[in-house]
Q: 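Below: one structure in structure tokens.
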Amino acid sequence: MADFDTLFAAASAARAKAHAPYSNYAVGAALLADDGNIYAGCNVENAAFPEGWCAETTAIGHLVMGGAKRIVRAVVVASRIDVERVPGGRFCTPCGGCRQRLSEFAASPSTEIWAADPDGASQRFTMAELLPAGFVLEE
């Protein structure tokens with residue numbers, strides 16, 4: 001199973017490809033799926049800002065297209081690209097919409113979601129911690 005460092009590297013590589021000319025906030029996400037593969041994505045903005053899509057959304061799209069069903073672990077790397085970074089501890093968690101999207105594909109409420117900055121400072125959350133009362137359709 002892919003560890004944090006492997007997922008961090010994939011998310012960082014995806015972040016480097018972000019198209020964020022409006023927010024100047026580059027985000028990369030990497031998802032370890034139940035098929036053992038890593039699916040990554042970056043945020044892509046457009047002139048109809050704030051339309052566009054988040055890195056987590058892009059990665060989930062790749063996961064679905066790859067035929068995987070569930071997220072086992074995720075790492076999201078984010079920071080502004082137009083300001084001097086202060087090393088350590090400057091990271092963000094997924095937005096509300098992405099929390100719901102991640103929840104839809106998470107293997108369980110204990111699925112690990114890591115938020116990290118480009119320098120590797122990070123914090124681990126479970127899906128249940130990020131979205132404690134998420135909307136779930138009855139199957």
Side-chain angles (χ1 to χ4, degrees):
M1 182 159 67
D3 61 7
F4 172 84
D5 291 335
T6 302
L7 289 169
F8 177 79
S12 295
R15 180 184 172 275
K17 297 177 182 177
H19 178 73
Y22 305 100
S23 72
N24 289 314
Y25 209 85
V27 184
L31 312 174
L32 173 62
D34 56 351
D35 65 0
N37 290 315
I38 295 173
Y39 298 93
C42 64
N43 59 319
V44 180
E45 298 174 354
N46 65 55
F49 187 76
E51 294 297 320
W53 55 91
C54 299
E56 299 90 333
T57 303
T58 305
I60 289 169
H62 288 151
L63 178 141
V64 170
M65 290 299 297
K69 303 291 184 204
R70 294 284 173 215
I71 299 167
V72 175
R73 176 178 293 139
V75 172
V76 179
V77 178
S79 76
R80 288 187 56 89
I81 55 179
D82 64 341
V83 295
E84 184 81 19
R85 283 199 328 272
V86 176
R90 295 196 44 165
F91 53 86
C92 70
T93 58
C95 72
C98 285
R99 290 178 191 210
Q100 182 63 44
R101 289 180 194 95
L102 290 165
S103 177
E104 300 253 344
F105 291 93
S108 76
S110 63
T111 296
E112 294 179 350
I113 311 294
W114 290 83
D117 75 3
D119 298 317
S122 64
Q123 184 171 349
R124 178 194 156 281
F125 300 89
T126 65
M127 192 67 250
E129 289 170 332
L130 286 178
L131 194 66
F135 180 76
V136 179
L137 290 176
E138 296 296 323
E139 292 185 17

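This structure is a prediction, so every number in the text was calculated from the model and none was measured.
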Q: Side-chain contact test, heavy atoms from C-beta onward, threshold under 4.5 Å: evaluate it for Pro21 versus Glu45 and give yes or no.
A: yes

Q: State yes or no: do Ile113 and Val64 share one hydrophobic cluster built from I, L, V, M, F, W and Y residues joined by side-chain heavy-atom distances below 4.5 Å, directly or via other members?
A: yes

Q: Would Ile60 end up clustered with Met127 when hydrophobic side chains under 4.5 Å apart are linked, directly or stepwise?
A: yes

Q: Same hydrophobic cluster for Val27 and Val44, using side-chain heavy-atom links shorter than 4.5 Å among ILVMFWY?
A: no

Q: In Å and rounded to the nearest 0.5 Å, what is the CG to CG distance from Leu31 to Asn37?
A: 11.5 Å

Q: How long is the straight-line distance from SG of Cys92 back to CD of Gln123, given to the nearest 0.5 Å?
A: 12.0 Å

Q: Tyr25 and Ala78: which non-hydrogen atoms are nearest, and at how many Å?
A: CE2-CB, 3.7 Å

Q: Mind checking the CD1-CG spacing from Ile71 to Leu102? Nearest 0.5 Å is all I need.
A: 5.0 Å

Q: Below 4.5 Å, heavy atoms only, C-beta onward: do Thr111 and Phe105 meet side chain to side chain?
A: no

Q: Drop me the distance from Phe8's CZ to Asp117's CG, to the nearest 0.5 angstrom.
A: 7.0 Å

Q: Between Ala11 and Val77, what is the shortest heavy-atom contact and its length?
A: CB-CG2, 3.7 Å

Q: Does a donor on one side chain and an acceptor on the other come within less than 3.5 Å for Arg99 and Thr93?
A: yes

Q: Measuring from atom CZ of Phe125 to atom OG of Ser110, what distance do you get when rounded to the nearest 0.5 angstrom?
A: 15.5 Å

Q: Of all the heavy-atom pairs spanning Ala68 and Asp35, show the shortest one and how long it is.
A: CB-OD2, 3.6 Å

Q: Please name the pair of heavy atoms, one in Val76 and one in Glu56, separated by the smallest distance, quoted to 0.1 Å.
A: CG1-OE2, 3.6 Å

Q: Rounded to the nearest 0.5 Å, how far apart are CG of Leu130 and SG of Cys95?
A: 11.0 Å

Q: Mind checking whether Phe4 and Arg73 have side chains closer than 4.5 Å, heavy atoms only?
A: no

Q: Closest heavy-atom contact between Leu32 and Leu7?
A: N-CD2, 3.9 Å

Q: For Gly41 and Ala59, which heavy atoms make the closest approach, and how far apart are they?
A: N-CB, 3.7 Å

Q: Kindly work out whether a path of hydrophobic side-chain contacts (I/L/V/M/F/W/Y, heavy atoms less than 4.5 Å apart) joins Leu131 to Trp114.
A: no

